[in-house]
Amino acid sequence: MSKSVSSCMELEAEKEYASVRSSGFPEQHTWKMSFTAVVNFFESKMGILEKIKDIEAEISRTQKNKATEYHLGLLKAKLARYRSQLIEPAGGGKKGGGDGFEVTKYGDARVAMIGFPSVGKSTLLTRLTESESVVAAYEFTTLTCVPGTIKYKGAKIQLLDLPGIIEGASEGKGRGRQVIATGRTADLILMMLDATKGEVQKRLLTEELESVGIRLNKEKPNIYFKVKSGGGLSFNSTVPLRHLNERVVRSVLHEYKIFNAEVLVREDCTVDDFIDVVEGNRSYLPCLYVYNKIDQLSLEELEQIADQPHTVVVSCNADLNLDMLLRMIWKYLALVRVYTKRRGRPPDFGDAIVLRKGSSVETVCRMIHKELVSQFKSALVWGTSTKHTPQKVGLAHNLEDEDVVMIAKK
Ligand SMILES: Nc1nc2c(ncn2[C@@H]2O[C@H](COP(=O)(O)OP(=O)(O)OP(=O)(O)O)[C@@H](O)[C@H]2O)c(=O)[nH]1
Ligand SMILES: [K+]
Ligand SMILES: [Mg+2]
């Protein structure tokens, strides 16, 4: 069977070759050139992959202690640099692991589902939105990005169904790069997992995302870092440090050929945190681990999974716990609904203005009308963001969920 397929392919290749030859190799030169370029490209990527594997092996061989921390820092910095080369196309230009799928952002926030094939991503999209995405028992049913809209608490949340990804996605396997690039544009990642397959999917996917600079449920490290034109390295910290010291920082920066810089560490960071800050291109995204197909589990197995942080257990087919999933999505997006009110009228509760957490009165003004900021005199706010109700506030005042705002113009 496989023999006949391969001989078929050989036949095709021969035909191809014959047709090129009969055309008298008109573009022999360019053909050869571009082929060489392709080979070079792959060889350079393969070279980097091998170097990455070597360094990873050396890191795992090296015992962690005070005497090796300097050497480990250096290895980790080297690793980060090779990984950046791998995700950046040759010759620089666009960063971030290639282009994502072209789907227009819509609504108040974007949520992307990332997971292995056949974990139930399309089933969830079909459950939570009015969009249809083909569901089937075979892997790689979905081959592109399918958007849908979740309507929840007066907000419109864009949910993206994406092709399944597999181990090696970040290195270019399948559509992994495109999926990951699209994931980077989201406000929240739903890591969809098959609850019957244990912890392995979560570990592998987290590694894939980590290797392209995506950090899940993690704050940006609290480190001030500035490259200078002279003056050497100035290293300071405001807290006791267990993992970082001047020597380690110096060795990491050496790898980046940075010799003059100011580093102020404000929390007990690791070497990896510091490298992330130096690389500067990391995405810090909230993530919910959604374990699907719990209809297939025993109660014991279920309890073990459900206790983990950032986790929701569901069954899309049996319609179990999907309301909890919606509540968690809402909580993790941390959106703020604000209602406006005109003088002498009740608030407009039918039409919420949906904002990011930490948005100010100024953001609301801009969303209502582009001239409103210049005409703004003051605002009255009813709700939890103020001490008194109502309270007079300025443009800089930060609003909270369900605040009512009345704007007075000059
Ligand atoms: N037992 C069980 N099966 C489910 C559940 N949800 C989805 N499935 C099944 O899992 C299979 C795959 O579902 P899809 O929604 O196509 O999975 P997907 O993640 O979109 O797959 P790809 O697009 O191929 O990556 C289908 O046969 C679904 O019926 C569930 O809660 N329980
Ligand atoms: K499928
Ligand atoms: Mg699908």
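As the structure lists them, so they are numbered: ligands from 1, and atoms in each ligand from 1. In this text the structure is predicted, and so the values were computed from the model without any measurement. Heads up: numbering here begins at 1 and tracks the sequence.
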Residue, atom and distance of the protein heavy atom nearest atom 15 (O) of ligand 1 read Thr123 OG1, 2.5 Å

Under 4.0 Å from a heavy atom of Phe140: give me the atoms of ligand 1 that qualify, with their elements. 24 (O)

Kindly check if the number of other-residue, nucleotide or ligand heavy atoms within 6.0 Å of NZ (Lys105) is above 12? yes

Six-ring centre of Tyr70, Arg247 cation under 6.0 angstrom, axis tolerance 45°: yes

Note: Ile275 and Val252 closest approach over all heavy atoms is CG1-CG1, 3.8 Å

Short check: any N/O/S atom of Ala136 below 3.4 Å from the K ion (ligand 2)? yes

Structural part of Ile294 in contact with ligand 1, heavy atom criterion under 4.0 angstrom: neither

What's the shortest distance from atom 10 (O) of ligand 1 to any protein heavy atom, and which residue and atom give it? Lys293 NZ, 3.2 Å

With a distance cut-off below 6.0 Å to the six-membered ring centre and an angular limit of 45° from the axis, does Lys197 pair with Phe116 as a cation-pi contact? no

Counting heavy atoms only, name the option from Lys121, Met113, Gln296 that's nearest to atom 25 (O) of ligand 1. Lys121

Would you check if the distance from the ring center of His254 to the ring center of Phe259 is below 6.0 Å? yes

Looking at atom 28 (C) of ligand 1, what's its closest protein heavy atom, distance included? Val135 CG1, 3.8 Å

Note: heavy atom closest to atom 12 (C) of ligand 1, options Ser122, Ala137, Ala136, Gly120, belongs to Ala136

side-chain hydrogen bond (donor to acceptor under 3.5 Å, both in side chains) for Ser237 and Arg266? Distances and angles first, verdict last. CA-CA 6 Å; Ser237 64; Arg266 302 197 192 93; over 6 Å; no

Using heavy-atom distances, let me know which of Asn317, Thr141, Asp194, Asp295 sits nearest atom 4 (C) of ligand 1. Asn317

With a cut-off of 2.8 Å, does any N, O or S atom of Ser118 fall short of it relative to the Mg ion (ligand 3)? no

If we set the cut-off at 4.0 Å for heavy atoms, which region of Glu139 has an atom near ligand 1: side chain, backbone, both, or neither? backbone

Side-chain donor-acceptor pair present, Asp403, Ser385, cut-off under 3.5 Å: yes

Quick check on contacts: which atoms of ligand 1 are under 4.0 angstrom from a heavy atom of Gly164? 25 (O)

Would you say the side chains of Asp194 and Thr196 form a donor-acceptor pair under 3.5 Å? yes

Is there a salt bridge (charged side-chain N to carboxylate O under 4.0 Å, His left out) between Asp319 and Arg127? Walk through the geometry before answering. CA-CA 8 Å; Asp319 202 351; Arg127 282 270 170 198; 3.7 Å; yes

If the cut-off is 4.0 Å to any non-hydrogen atom of Cys316, which atoms of ligand 1 fall inside it? 6 (N), 31 (O)

Atom 6 (N) of ligand 1 has as its nearest protein heavy atom Asn292 ND2, 3.1 Å

Between Leu160 and Cys145 the two heavy atoms that sit nearest each other are CD2-SG, 3.9 Å

Side chain, backbone, both or neither: the part of Met192 lying under 4.0 Å from ligand 1 by heavy atom: neither

Would you mind checking which non-hydrogen protein atom is closest to atom 22 (P) of ligand 1, with the distance to 0.1 Å? Ser118 N, 3.6 Å

Among all protein heavy atoms, pick the one closest to atom 31 (O) of ligand 1 and tell me residue, atom and distance. Ser315 OG, 2.8 Å

Are Thr384 and Glu400 linked by a side-chain donor-acceptor pair shorter than 3.5 Å? yes

So, 4.0 Å and heavy atoms of Gly115: is ligand 1 close enough to count as a contact? no

Looking only at side chains, do Thr142 and Ser122 share a donor and an acceptor under 3.5 Å apart? yes

Strictly under 3.4 Å, is any N, O or S atom of Ser122 next to the K ion (ligand 2)? no

So which of Lys293, Glu301, Glu300 actually passes side chain to side chain contact (heavy atoms under 4.5 Å, CB included) with Leu297? Glu301

At under 4.0 Å between heavy atoms, what of Thr142 touches ligand 1? The answer is both

What atoms of ligand 1 come within less than 4.0 Å of a heavy atom belonging to Tyr138? 24 (O)

Do any of the N/O/S atoms of Thr141, backbone or side chain, fall under 3.4 Å from the K ion (ligand 2)? yes

Answer yes or no as to whether an N/O/S atom of Thr142 is found below 2.8 Å from the Mg ion (ligand 3). yes

Is Asp108 paired with Arg356 through a side-chain N to carboxylate O contact shorter than 4.0 Å? no

